[in-house]
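Presented below is the structure to which this report refers.
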Amino acid sequence: MIKNQWYVILESKEVPKNCLIGVKRFGENLVAWRDSDGKLSVFRDKCPHRGIELSKGKILNNHLQCPFHGFEYDASGRCKVIPANGRATAVPDHIRAVAYPLREEHDFIFIWFTPDPENTGMADNATLPPLPWFDDIDVSLVWSGMTDHWKAHYSRAIENQLDIVHVPFIHHNTIGRGIGPVVNGPFTKILENGLSFWPSNANDSGQIPLRHDQVPEPVGKKTYLTFLFPNLWQNHIMDKMRIVVAFVPIDDKNTLFYLRTYQSIVRIPVLREIFFIISNIFNRIVLHQDRRVVETHQPQATQLRMDENLIPGDYPIIQYRKKREELKSRLPDLATE
Ligand code: FES
Ligand SMILES: [Fe+2]
């Protein structure tokens, strides 16, 4: 995994007030909980007393209470109550659940995935970089979403959404119908924290495809795709319709997709619901066309240099791998990919 990045890990609605949820992310067990005032926290799912999973506990007086000996933790992770010591005894300051810095925007929960959350702390949140997001998604667009579980490393799941070579084959009867196999470019813009590219496939009439630097800039062309590190992607189909995916790493072998359709074409509520039902069904069909093959990749995680033979049309994947390598090299981790 790339360390020290803001990752989407959950949707806001998955953690209602006065509720907690245990989830695995980055191969680590986490507990997300929200108090009755709506304040959200994400802890390592491990009680600092004797290692019990806090997600088996409950919310009591706006604290997360461990089920084993009843220690209570506030939203910052600080232990406030040790019942066995009696309320008259001060709680030692060093007893703290490990809390990840988090932010909540766009109906997503983001955490700052760091190897050192003990020393990063909620208090440092304001000094961390801005969240990755798509500035062109405004309030006129409403969304409906779905989730899908892939038995694949998240780098493979992301690269699949940067792969335009596969579209006429895997999706020959859905989004790839009528799309030619010859890949020009694609024209690609490298962003500070990701990339955008403009697909321009063609039928094979004997031509030599244009490389990414030979394709003229597609000024005004509204269909393009953007990836933002570490785990967000948008298919800008048109101004009034987008597909957004958050690729959430569960561990080195599993990825959870949060896929949303954003649109402002259909505004009448009943028709909008029907539109979203159809779009979610269609998107799941398309995703499962991909999933069937992506789950068979060997090896599961990708590297910049590995035993594959990429072609010019794989340019967005190559750029993703380069940037990922650069970001990973800032905080290398031999244990995970
Ligand atoms: S293990 Fe949690 S209170 Fe003892
Ligand atoms: Fe696909």
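Ligands are counted one by one from 1 in listed order, and the atoms in each one are counted from 1 as well. All values below come from the heavy atoms of this structure, side chains included, with hydrogens, waters and symmetry mates left out. Numbering starts at 1 and runs along the sequence shown.
In terms of modelled atom types and a separation under 3.5 Å, the side chain of Arg156 and the main chain of Pro299 share a donor-acceptor contact. Listed for the Arg34 side chain is a donor-acceptor partner under 3.5 Å among the backbone atoms of Val15.
Between Pro230 and Trp6, the closest heavy-atom pair is CD-O, 3.1 Å.
Side-chain atoms of Asn173 and Gln289 include a donor-acceptor pair closer than 3.5 Å. Residues Tyr320 and Glu325 bring no donor and acceptor atom of their side chains to less than 3.5 Å of each other.
His69 contributes ND1 as its N, O or S atom closest to atom 4 (Fe) of ligand 1.
The aromatic ring centres of His49 and Phe71 sit less than 6.0 Å apart.
Atom numbering of ligand 1 starts at 1 in the shown order; those under 4.0 Å from a heavy atom of Cys47 are 1 (S), 2 (Fe), 3 (S). Under a 4.0 Å criterion applied to the non-hydrogen atoms of Ile52, ligand 1 contributes the atoms 1 (S). Remark: ligand 1 atoms within the under-4.0 Å shell around heavy atoms of Arg50 are 1 (S). The Cys66 neighbourhood of ligand 1 comprises atoms 1 (S), 2 (Fe), 3 (S), with distances under 4.0 Å to a heavy atom of that residue.
With sequence neighbours excluded, the residues that form a ring pair (Phe, Tyr, Trp, His ring centres under 6.0 Å) with His171 are His166.
Note on the Fe ion (ligand 2): protein N, O or S atoms under 2.8 Å away count 4, no waters included.
For residue His49, an N/O/S atom approaches atom 4 (Fe) of ligand 1 to within less than 2.8 Å.
In this structure, Lys3 does not pair ionically with Asp116, as no charged nitrogen and carboxylate oxygen lie closer than 4.0 Å.
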(message) Pair Glu105, Trp133 - check side chain to side chain contact (heavy atoms under 4.5 Å, CB included), show working.
(response) CA-CA 9 Å; Glu105 282 184 36; Trp133 190 246; over 6 Å; no
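Contacts between Phe68 and ligand 1 below 4.0 angstrom, taking non-hydrogen atoms only, involve the side chain exclusively.
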